[in-house]
Peer 1: 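Before I ask anything, here is the structure I am working with.
Just so we're on the same page: letters track the sequence lines, and every chain starts at 1.
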Amino acid sequence: MSKLVFYNSLTRQKEEFRSINPGEVRLYTCGPTVHDYAHIGNYRAYIFEDLLRRTLTFFGYQVKQVLNITDIDDKTIKKSREQGLSLKSYTDTFTKSFFDDLKTLRIEPAEVYPAATEHIPEMIDLIQKLIDKEHTYTADGSVYFKISTFPDYGKLSNIQPDQLISSARGDSDEYEKEDVRDFALWKAWTEDDGDVFWEAPFGKGRPGWHIECSAMATKYLGTHFDIHTGGVDNKFPHHENEIAQSICGYGGPFVDTWLHCAHLMVNGEKMAKSLGNFYTLREILDAGFSPRVIRYFLLSAHYRQQLNLMYDPETGSHDSFNAAASALERIDEFKAKLADMKQHSAAGDLISRKTIELLDHSRIAFKDALANDLDISGALGVVFGMIKEANKRIASGELSNMDAQAVYERLLRWDEVLGVLEPDQTDEIDAASIEALIAERNQARADKNFARSDEIRDQLLADGIIIQDTPQGTKWRKK
RNA sequence: GGCGGCGUAGCCAAGUGGACUAAGGCGGAGGUCUGCAAAACCUCUAUUCACCGGUUCGAAUCCGGUCGCCGCCUCCA
């Protein structure tokens, strides 16, 4: 059996994965701050963690995943107040849209979706532990974590703490920190916070950003768990701070494996509102691209590789989605062909030795690719390699109906990881009437009434049905 | 300035020193099938891995340098 290997950001090398408890993986994924509709780049990260969780499941692990919802921070407070809404009613909209989007992209649900505002007591508890252990100080009612009390600080991001002093930029003096490296655990209430505050032993206020992940991860996964994922941008400071809080507060060890996903680029540039290349998932769906195509595109490159989306609605350029759509069509065609063939296989038919060899070889290669730090490109290469070889055998008549069934089953098994296949046609399509039209068309063709036959073809196409004339008769499928 | 990543065909993208005479997808060119087909299928499409040195019996893969691109460096996945 292939051994799972991941590139651990903490050690900066590939390591064989061993779960803490045999057969079980506890996984924490940094979730969204629900202050707006999530953009396409956000979903690259969630497609990545989806591939991770599906792969872990594929390798036989029981996965317990926690994905947090950050429903309180500077932005959510500011925007909700601007709109005159309560924090909750403001964030609810985007929390809901986030879940809708996950479903749209076929991202498997996590086991727990904790919201920050529902875990304030846990955070207060952790902050109190840190205060008791003297890792903090208070200034103007805010509680700060004192980085100098944690010698390992900077290990994840490979940053020397003293480098930060000179390089820190921006409004680092916004708060009364003793040291720019320090970060807020608890922010004292100000007028701008309006009615958003909680009472804590150390004062009225709200939690800092980093504390929620430590508190919630620990609540649901324990103080020591297997994998923590997030975007590269979270490495520093967020994850660095999370490690510091957790280890100092609960005692180590904390997380064994840290996985970070690279960013999605748009036309070679970082996606940013200021560059005008910022797209929400909704916008792209509205532009007519299917969730499957978007999923395939986001999935198709290795997670540590920056993925470049070539897309510009102004000029009508959408090369990336075109390529993804064409690749999917190729898979769809192949699957439809197999589905048709397998219907004609009879019980007692045997799978040919050549097919068994092809399937065995492909099965191992696919698994090896995934085992190698989620090498999805390699895995897709295996899928298309099998398609190519099987197509060749179909064309030469070498592939029996029974063989086709075996290949079909292999494809479905793989799709448990990929999640890109079109579900089998449902009965909502009126198959009988389509068959009737096809019969009529074939009669027209036999009568050389091509005007009528083409008219039927166009009509079916308009209804989303594609038909193809093959040596085995006319086939149809949903577009 | 500090830390890190990347540069493989027109485009996207695998490649974990030796069967690489370098996967796979898109695009392109031929062909098969068809009444026709925009479909489908088949075949072809990098003597070469940014450049220069080095290590090695052997390097796209390791080391050094040069050039170019990108990311992170306090609340952005």
Peer 1: With C1' as the reference atom in both, quote the distance from B:A13 to B:G27 in angstrom, rounded to an integer.
Peer 2: 14 Å
Peer 1: For B:C72, does OP1 or OP2 lie under 4.0 Å from any side-chain N or O of A:Lys270?
Peer 2: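 Yes, A:Lys270 has a side-chain N/O under 4.0 Å of OP1/OP2 on B:C72.
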Peer 1: Once salt bridge (charged side-chain N to carboxylate O under 4.0 Å, His left out) is applied, do any residues pair with A:Asp319, and if so which ones, sequence neighbours excluded?
Peer 2: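 Partners of A:Asp319 under the salt bridge (charged side-chain N to carboxylate O under 4.0 Å, His left out) test: none.
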Peer 1: For A:His238, report the nucleic acid contact type (base, sugar-phosphate, nothing); a contact means any heavy atom under 4.0 Å.
Peer 2: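 Nothing, no heavy atom under 4.0 Å.
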Peer 1: From B:A13, B:A77, B:G71, pick the nucleotide closest to the side chain of A:Ser377?
Peer 2: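 Among the listed nucleotides, the one closest to the side chain of A:Ser377 is B:A13.
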Peer 1: Report each atom pair, protein N/O against N/O of nucleotides 40-43 of chain B, whose distance is under 3.5 angstrom.
Peer 2:
from: B:C42; atom 1: OP1; to: A:Lys388; atom 2: O; distance (Å): 3.4
from: B:U43; atom 1: OP1; to: A:Lys392; atom 2: NZ; distance (Å): 3.2

Peer 1: Within the pair A:Asn158 and B:C3, is there a side-chain N or O less than 4.0 Å away from OP1 or OP2?
Peer 2: no
Peer 1: The side chain of A:Met265 is closest to which nucleotide in this list: B:C36, B:C70, B:A77?
Peer 2: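 Minimum distance to the A:Met265 side chain belongs to B:C70.
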Peer 1: Can you spot which of A:Tyr43, A:Phe321, A:Tyr37, A:Tyr311 makes a ring-ring contact (aromatic ring centres under 6.0 Å, His included) with A:Tyr279?
Peer 2: A:Tyr311
Peer 1: Can you figure out which of B:G25, B:C75, B:C72 approaches the side chain of A:Asp233 most closely?
Peer 2: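 Nearest nucleotide to the side chain: B:C72.
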Peer 1: Mind checking ring-ring contact (aromatic ring centres under 6.0 Å, His included) for A:His263 and listing every partner two or more places apart, or none if nothing turns up?
Peer 2: none
Peer 1: Taking NZ, NE, NH1 and NH2 as the nitrogens, is one of them in A:Asp100 or A:Lys96 under 4.0 Å from a carboxylate oxygen of the other?
Peer 2: yes
Peer 1: Any base atoms under 4.0 Å from A:Asp375, or only sugar-phosphate, or nothing? Heavy atoms, all strands.
Peer 2: sugar-phosphate
Peer 1: So which protein nitrogen or oxygen atoms get under 3.5 Å of nucleotides 29-34 of chain B's nitrogens or oxygens?
Peer 2:
none

Peer 1: Does the cation-pi check pass for A:Lys342 over A:Tyr408, that is, NZ or CZ under 6.0 Å from the six-membered ring centre and within 45° of its axis?
Peer 2: yes
Peer 1: Choose from B:C75, B:A77, B:G71 the nucleotide whose nearest atom is closest to any side-chain atom of A:Ala45.
Peer 2: B:A77
Peer 1: Would you jot down, in residue-number order, the residues of residues 292-305 of chain A having a non-hydrogen atom under 4.0 Å from RNA chain B?
Peer 2: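 A:His302, A:Gln305, in order of number.
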Peer 1: Measure from OH on A:Tyr144 to P on B:C75 and round the result to the nearest Å.
Peer 2: 14 Å
Peer 1: Mind checking the P distance from B:G30 to B:G64? Whole angstroms is fine.
Peer 2: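 About 49 Å, rounded to a whole number of Å.
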Peer 1: Return each pair, listed once, that meets salt bridge (charged side-chain N to carboxylate O under 4.0 Å, His left out) where at least one residue sits in residues 295-309 of chain A; pairs must be two or more places apart or across chains.
Peer 2: A:Asp50-A:Arg295, A:Arg304-A:Asp373
